[in-house]
K.L.:
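My questions all concern the structure below.
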Number of protein chains: 4
Amino acid sequence: MEAVTAIKPLIRVAALSGSLRKTSFHTGLLRAAIDLTKESVPGLQIEYIDISPLPLINTDLEVNGTYPPVVEAFRQKILEADSILFASPEYNFSVSAPLKNALDWASRPPNVWADKPAAIISTGGGFGGGRSQYHLRQIGVFLDLHFINKPEFTLNAFQPPQKFDAEGNLVDEVTKERLKQVLLSLQAFTLRLQGK
Amino acid sequence: MEAVTAIKPLIRVAALSGSLRKTSFHTGLLRAAIDLTKESVPGLQIEYIDISPLPLINTDLEVNGTYPPVVEAFRQKILEADSILFASPEYNFSVSAPLKNALDWASRPPNVWADKPAAIISTGGGFGGGRSQYHLRQIGVFLDLHFINKPEFTLNAFQPPQKFDAEGNLVDEVTKERLKQVLLSLQAFTLRLQGK
Amino acid sequence: MEAVTAIKPLIRVAALSGSLRKTSFHTGLLRAAIDLTKESVPGLQIEYIDISPLPLINTDLEVNGTYPPVVEAFRQKILEADSILFASPEYNFSVSAPLKNALDWASRPPNVWADKPAAIISTGGGFGGGRSQYHLRQIGVFLDLHFINKPEFTLNAFQPPQKFDAEGNLVDEVTKERLKQVLLSLQAFTLRLQGK
Amino acid sequence: MEAVTAIKPLIRVAALSGSLRKTSFHTGLLRAAIDLTKESVPGLQIEYIDISPLPLINTDLEVNGTYPPVVEAFRQKILEADSILFASPEYNFSVSAPLKNALDWASRPPNVWADKPAAIISTGGGFGGGRSQYHLRQIGVFLDLHFINKPEFTLNAFQPPQKFDAEGNLVDEVTKERLKQVLLSLQAFTLRLQGK
């Protein structure tokens, strides 16, 4: 008799990249994450949300409690997501301005980040983007995000073996497996917080 | 005989506000700082640098080592300054996206923040903007900024007596005196680091 | 017919105070928390754990994987707890040495903090002990603690109305109600993570 | 004619290790730093200050403004130093309890850390002890320490080539050269702040 694998409830993950570069490694990590969910993480559906169109935050742009259309559309995507996956580059020992801009816009009343499970993946030199993660976690306290603790994912992008190709695609199998563990942990923590 | 007050060498301070709101309290604090230098802090010359025109950072906008004109102009202002005064609002327990965007652009090679003395002033609810200052200080380690330690300036904008008017102008004399102490400390630390 | 209030499963909370002072406000907050659970938070049972006997951490004191008896006893208390309540004073903008000492000892293999829900309460001057909380939360990432995000509890101990008496007992009813909200939030988050 | 090398004024550096282990890599780094000053950094005199005898901080031990003798002796050593060198291990993503204990005791009124230049060296796994440095820098804001920004010194102790022997002595020449650069930077920053 075939083992009946319990069908996991679908979890919709909004994925944001904090780098706007065309060949960004962080956007490449998110493409790899989307591929992984299709191949080997049933029940997790990741949607990449482009944050580049968002204007630099200025609350004067809010008129009678409504936001510019591009901001409203972005907030709606976050609201509908069950969980969040942040690809967070480290710019100057902290969160990049584009990612902070997205965090700031979606925090405007009503805060659409509230009570959502989340995970962070980073890559770069030295600490592999790690310092930005602790600032992002502190931001999450106010936004009421529930970050998974483990596994942490920081990746030195420049040490052999090659990690990314010229277009920013992740090409290292060991790293893909590490990335999969993050997705599985986010899935489990989301189900746990949903009481499923 | 009149006491000859030693003429202090001129220190040019670039002042940035992390809020783009027209009636921003932080921009109001900088206006008050500029008035104070004219009235009672000889030797300190503060110039307000508008960061709102800067595009959201995307290193694809860098072509053959040159930056978009508006970025080049901003970088030049920072390069020419002797010290920096940051008016740093706390957005979601951290530095606001507009201020981080300015930090990120001026950090691009060559980093024009390097070795400059700096001070931070913040206002807001609860901690008066304080949390953003510790993230900004950590950013300063990588940018090689030398922040004064004392006095710290955080200000609860909403507790009596009134602090700001409807246009965001600072209207509280006690706070103006506190702000003056920050300017005097920045002046002294700048002269000290300049060996004067 | 009397409404049958669902009997909540018992949650055992280990409570630590980061101050060793006899009349510590933080230890006083924990006494108040214990009284509150008896009066109005059924299902939550708080035990105060004295961390003062712990030696200053030195892993040379670990012999063949065992710890000094006083450390073993402390680690066992933490292991048996369902959740943790930290009364965290702010010493020099960070966690106090006694509290960090307890955190460090119970983190030694096997880490007995792992996967436990937790909450932080602080009091003091200025930010009411707040800065220590963000360092403690970062420590919690490595220790795999799940801190509640809301409500945060920081308390200015020196602003009227009086908060503590000479023995460090909490005497302010408004603050007791705030403290109760932390306990209810910790209870709910613990049950949620336990899947109950 | 022999080039007359300007004789640099003597700078006395108090060096603290945040690990009490007999074969601590951090204490080993300080021994290497002391050797380096004798060999190749004239004008810098490092004294290792043992923090293990300090009791766990409890302000009840302060009687009529005086501290326990062992604390008074430690505070005096810090007061007499021109600069401070912290060997800061990362325990659970933050400063170790023994180092925080020393920081807390010497911060008691009058704060003997005030206005002293300082540098941090760390070693360990992953980030080479780096996370502890940003918490220590935040502590330094309140203690009024002036940390050098560059070079940062974090060292992965476990990646080849071998860094330490069984007694914790630094055996890697490349690392010794990096350590020397920290000492030269601390010396230069101290002289700069002293106006020499």
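Quick note on labels: first sequence line is chain A, next is B, and so on, each numbered from 1.
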K.L.:
With only heavy atoms counted, which part of Ile139(D) is less than 4.5 Å from chain C, the side chain, the backbone, both or neither?
P.N.:
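Contact with chain C: backbone and side chain both.
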
K.L.:
For each of Tyr134(D), Trp105(D), Phe142(D), tally heavy-atom pairs with chain C at distances under 4.5 Å, and name the one with the top tally.
P.N.:
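The option with the most such pairs is Phe142(D).
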
K.L.:
Which heavy atom in Ala102(D) sits nearest to a heavy atom in Phe74(D), and how many Å separate them?
P.N.:
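Closest heavy-atom pair between Ala102(D) and Phe74(D): O-CE2, 3.4 Å.
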
K.L.:
Specify the closest pair of heavy atoms between Tyr67(D) and Arg108(D), including all atoms of both residues, with the distance to one decimal.
P.N.:
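It is OH-CB, 3.1 Å.
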
K.L.:
Is any side-chain heavy atom of Trp113(C) closer than 4.5 Å to a side-chain heavy atom of Ser107(C)?
P.N.:
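Contact flag for Trp113(C)/Ser107(C) side chains = yes.
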
K.L.:
Taking all non-hydrogen atoms of both residues into account, name the closest pair between Asn156(C) and Gly125(C) and its distance.
P.N.:
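In this case the closest contact between Asn156(C) and Gly125(C) is ND2-C, 3.9 Å.
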
K.L.:
Does any heavy atom of chain C fall under 4.5 Å from the side chain of Leu54(D), the backbone, both, or neither of them?
P.N.:
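Backbone of Leu54(D) only, per the 4.5 Å heavy-atom cut-off to chain C.
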
K.L.:
Is Arg178(C) close enough and on-axis enough to Phe153(C), meaning under 6.0 Å and within 45°, for cation-pi?
P.N.:
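Flagged: Arg178(C) positioned over aromatic ring of Phe153(C).
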
K.L.:
Considering only heavy atoms and a distance below 4.5 Å, find which of Leu56(C), Asn92(C), Asn111(C) pairs most often with chain D.
P.N.:
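Most pairs with chain D among the choices: Asn92(C).
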
K.L.:
Identify which of Ser96(D), Pro55(D), Ser24(D) forms the greatest number of heavy-atom pairs closer than 4.5 Å to chain C.
P.N.:
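So the answer, after comparing Ser96(D), Pro55(D), Ser24(D), is Ser96(D).
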
K.L.:
Only pairs of heavy atoms separated by less than 4.5 Å count here; which of Lys22(D), Lys100(D), Arg131(D) has the most with chain C?
P.N.:
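Most heavy-atom pairs under 4.5 Å with chain C: Lys100(D).
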
K.L.:
More than 12 heavy atoms of other residues, nucleotides or ligands under 6.0 Å from NZ of Lys176(D): yes or no?
P.N.:
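Enclosed: over 12 neighbouring heavy atoms sit under 6.0 Å from NZ of Lys176(D).
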
K.L.:
With a 4.5 angstrom heavy-atom cut-off, is it the side chain or the backbone of Leu143(C) that approaches chain D, or both, or neither?
P.N.:
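Contact with chain D involves the side chain of Leu143(C) alone.
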
